[in-house]
Amino acid sequence: MFNNSQILLKKIKEYKNIIISKHVSPDWDTQGSAYGLREIILDNFEDKNVFVVGEVLNKGLREIDETKLTKEIINNAILITVDVANFERVDFEFKDEVKEIFKIDHHLEVDNFAENKIVDDSAIACTQVVTLWASELNLIISKEAATFLYFGLITDSGRFLFEKTNGQTFLAAKLLIESGVNITEIYSSLFLKNLELAIWYNKAFSIAEFKNNNSIAIIKVDEDVFKNIDLGEEEIKSALSVLSGIKEIKIWLMAYKTPFNEKIKVSIRSRDFDINSVAINYNGGGHKLASGAKINNWDELNSLVKDLEILVNKK
Ligand SMILES: [Mn+2]
């Protein structure tokens, strides 16, 4: 099914030392792919050293495996990158010093940094690619591996809501559930929020501004919010979701200034407008329907919003 399934198998057999790296600012898809693949390799192949490197999601720490690496190991290892399109986003200091690189990904192929790869840009998640690859080769997927992989599948697909969710996504979900994942536990750990976060979501909705006949909605967050609430940047940012799923709102965004950064970061979302085409003009970019930007001041936000209005009104 995938072009290079056998090559990846061959490479794993060939190398004793395997390093798996995530993308910078990890999410569950890259981390679930990395941990899931590590478990699959350890469960199916004898005598392998597998090192997962990079930042640990939500912990602000580096993976402990990084401390176990020596120059000798790195020089003789294969590096498998998961969920990373661009080489510069591979979160590994010594990525230039490994023997070879294999890429597993689901983003558009824009940076040909690995000679061998499995890239399926129709997949909603990288963990979908890892799961279907393992299944194709009849590899054992333990409950532990499946749990890591399911985390990525469920988050990148927005609980099977996003556009690219397809039959292959549900096939991967079926395989993982049959491997024993406890979906209730996973949903609780991902989606149960504490009261403070719920209160912030409520506040975020109440300060939203609506423009262009309600087709554009903006939540502006200044430094004071960060100083007065005991929530991290990711949690504060996640309140953007309170504006999703509302018929009138075609584009919704959050612009926020943290006390630790000079710039104002902007997260932009839409169901059907190519907001990325605007974001790239404001020091940003991402996906067609989910993108980000970085601006210098609140005046620039007005100009960004104007551009979004033009985008909406064009249709
Ligand atoms: Mn992903």
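If you're wondering where the values come from, they're calculated on a predicted model, not measured in any experiment. Just so you know, ligand 1 is whichever comes first in the structure, and atom 1 is the first atom listed for that ligand. Residues: numbered from 1 along the sequence shown. The figures that follow rest on heavy atoms only: side chains count, while hydrogens, waters and symmetry mates do not.
At a cut-off of 2.8 Å, Asp27 does not coordinate the Mn ion (ligand 1) through any N, O or S atom. Among the atoms of His106, an N, O or S atom falls under 2.8 Å of the Mn ion (ligand 1).
Considering Asp83, Asp105, Asn86, Thr81 as possible partners of His23, the one that fulfils the side chain to side chain donor-acceptor pair (under 3.5 Å) test is Asp83.
With the Mn ion (ligand 1) as vertex, Asp156 OD2 and Asp83 OD1 subtend 170°, rounded to 10°.
Nearest N, O or S atom of Asp29 to the Mn ion (ligand 1): atom OD2.
A donor atom on one side chain and an acceptor atom on the other are found under 3.5 Å apart for Ser303 and Tyr282. Donor-acceptor pairing under 3.5 Å is lacking for the side chains of Asn75 and Lys99.
Geometric assessment of Lys237 against the ring of Tyr256 yields a negative cation-pi assignment under the 6.0 Å and 45° thresholds.
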